[in-house]
Amino acid sequence: MTNNKRQRKKESVVHLAVIGMGTVGTGTVRVLEEHHREIESRLGCRLELKTLCSRSIRKHDLSWLRHPVEITHDWRRVVENPGVDIVVELVGDVKAARAIAQAAIREGKHFVTANKRLVAEHGMELVERARAAGVSLGIEACVAGGTPVIHAIREGLAGEHFDAVYGILNGTTNYILTEMERRGCGYQEALTEAQQKGYAEPDPTFDVEGFDARYKIAILAMVCFGQPVAVESIPVEGITRIETVDFAYAHRLDHTVRLIAGARRRPGDKVEIFVRPMMVSRSSQLAKAPGPVNCIMLVGSKGGSTVLTGRGAGGEPTGVAVLSDVVEIARAIVSGSSTSTPLGYANWHPVKVARAGQGETAAYLRLVVRDRPGILARVAAILARHRINIDSVLQEPAHSKHRLPFVLTLEPTREKHITLAVAEMARLPFMAMPPLLLPFAQLP
Ligand SMILES: NC(=O)c1ccc[n+]([C@@H]2O[C@H](COP(=O)([O-])OP(=O)(O)OC[C@H]3O[C@@H](n4cnc5c(N)ncnc54)[C@H](OP(=O)(O)O)[C@@H]3O)[C@@H](O)[C@H]2O)c1
């Protein structure tokens, strides 16, 4: 039977295989076991777990499964099994994930993944292969875990023209920042606690330097604008330079500090994309997402902003997202319909990424100096030379004269001018550490 014929055939049982029985694989199967009645009544047919695959599957205790299933440590046996309709890939490693995706699609299987790196780096390849094979792709779990943002963009807001998308997309950094803010503790203390609670990896670089959020915003930009984005073209800045004192100053300005991943349209049909810590108004929904929670603001030209908040990680919440893709695909199999637009677009256009620093922004500039007379005059002279107006000067009391922080807020100016001025300031002899520049997020 050809792939398309398989898809058009009306099924009364849809067969599923899960490859990778780690945190998300186990969470997915557990949710399926617990929710199978609801899922099947939504589907109107049986959804049967046929095969579980993991390298060490024989060591797993699977006594909690309702029915015995086939097990294997070899993913090739799964994708070649003619009885499997949907392959769910949850192995983590991008090379293995890509090989599984290619083989599964080639064999005419519908394919679901939670691998953000696979989709951000090879999404277009998967789309082309899926389209040629007449199979569906599910990527809901790649961004914001259990929060259904991909479905919201692809289905719920399919009639919208998106102007921008902004998100708190990394639970680790949001936990660290919200704990620093809530308890007044330092970055290192909040990170250590996040590691103890399992919110941060022993090596936290991927999260705290913003790389995880960069993959996710690449995917959101892709599905919002129909334009694939090269991940390396997205400028990224992490949270390691944020200090407790930044929250004290931010509060005086009725703002807070958050790691924002954003993509917004710019003149000339361009898109500006970034991951960076920003000053966010405390009244914004993005400022209110607590701890490891994710929050995404979709800005449409007609509907205004739509905000989704929810669990961004964890086996079972992410398992729910995986299963929502499985249910959608199973519905199409049951109804005999085919998927002609994997990931929501029939036509994709290459993105024109706007150069960083071209837009105007108001900014927060924290300087830490070895105190002596004339500092403010030297700093103000540099700003004046770059035609940057100071909006306010703030100084919290009771800091050491050898490491004295103070803050300037700057009126809206083209960011590249601010960056040049800050580079000049960094060379001043009384600077105790490099200046910290945080733009004020322009959120609706
Ligand atoms: N963890 C989360 O909260 C979360 C949230 C959203 C998305 N994701 C994404 O979901 C995916 C899975 O993450 P995870 O946290 O569940 O990872 P994990 O706990 O490390 O689990 C990965 C599993 O895949 C198995 N595996 C690895 N290579 C394999 C191969 N070649 N063949 C068969 N099995 C293989 C491993 O096998 P053995 O243990 O049997 O050796 C392991 O059980 C990743 O892409 C991740 O980015 C995770």
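Since we're looking at a predicted model, the values are computed, not measured. Just follow the structure's listing: the first ligand is 1, and inside any ligand the first atom is 1.
Considering backbone and side-chain atoms together, Gly22 places an N or O closer than 3.5 Å to an N or O of ligand 1. An N or O contact shorter than 3.5 Å is missing between Gly20 and ligand 1 by distance. For ligand 1, the polar-atom distance check against Thr23 finds a nitrogen or oxygen pair separated by under 3.5 Å.
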Query - side-chain contact (heavy atoms from CB on, under 4.5 Å) between Val307 and Ile296, worked out - result: CA-CA 6 Å; Val307 178; Ile296 301 102; over 6 Å; no

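Contact atoms of ligand 1 toward Ser56: 38 (P), 39 (O), 40 (O), 41 (O) (distance under 4.0 Å to a heavy atom of the residue). Near Ala313, meaning under 4.0 Å from any of its heavy atoms, are these atoms of ligand 1: 3 (O). Less than 4.0 angstrom separates some heavy atom of Gly314 from each of these atoms of ligand 1: 2 (C), 3 (O).
Atoms CG and OG, from Asp254 and Ser283 in turn, are 7.0 Å apart once rounded to the nearest 0.5 Å.
Residues His161 and Lys302 are not in side-chain contact: their nearest non-hydrogen atoms beyond the backbone lie 4.5 Å or more apart.
Screening Arg265, Arg355, Arg264 for a side-chain hydrogen bond (donor to acceptor under 3.5 Å, both in side chains) with Glu272, the sole residue that qualifies is Arg264.
Under the 4.0 angstrom criterion, atom 34 (N) of ligand 1 counts as having a protein heavy-atom contact. Per-atom contact check: atom 20 (O) of ligand 1 does not touch the protein, criterion being a heavy-atom distance below 4.0 Å.
In this comparison of Cys53, Gly92, Ala141, the heavy atom closest to atom 11 (C) of ligand 1 sits on Gly92. Of the candidates Val94, Val91, Val24, the one placing a heavy atom closest to atom 1 (N) of ligand 1 is Val24. Comparing heavy-atom distances from atom 45 (O) of ligand 1 across Asp74, Val143, Asn115, Leu90 singles out Asn115 as nearest.
Using a 4.0 Å heavy-atom cutoff, Gly145 is absent from the residues neighbouring ligand 1.
Heavy atoms from both the backbone and the side chain of Arg55 come within less than 4.0 Å of ligand 1. Residue contacts with ligand 1, taken as heavy atom pairs separated by less than 4.0 Å, involve Lys116 solely via side-chain atoms from C-beta onward. With a 4.0 Å cut-off on non-hydrogen atoms, Thr318 touches ligand 1 through its side chain and not its backbone.
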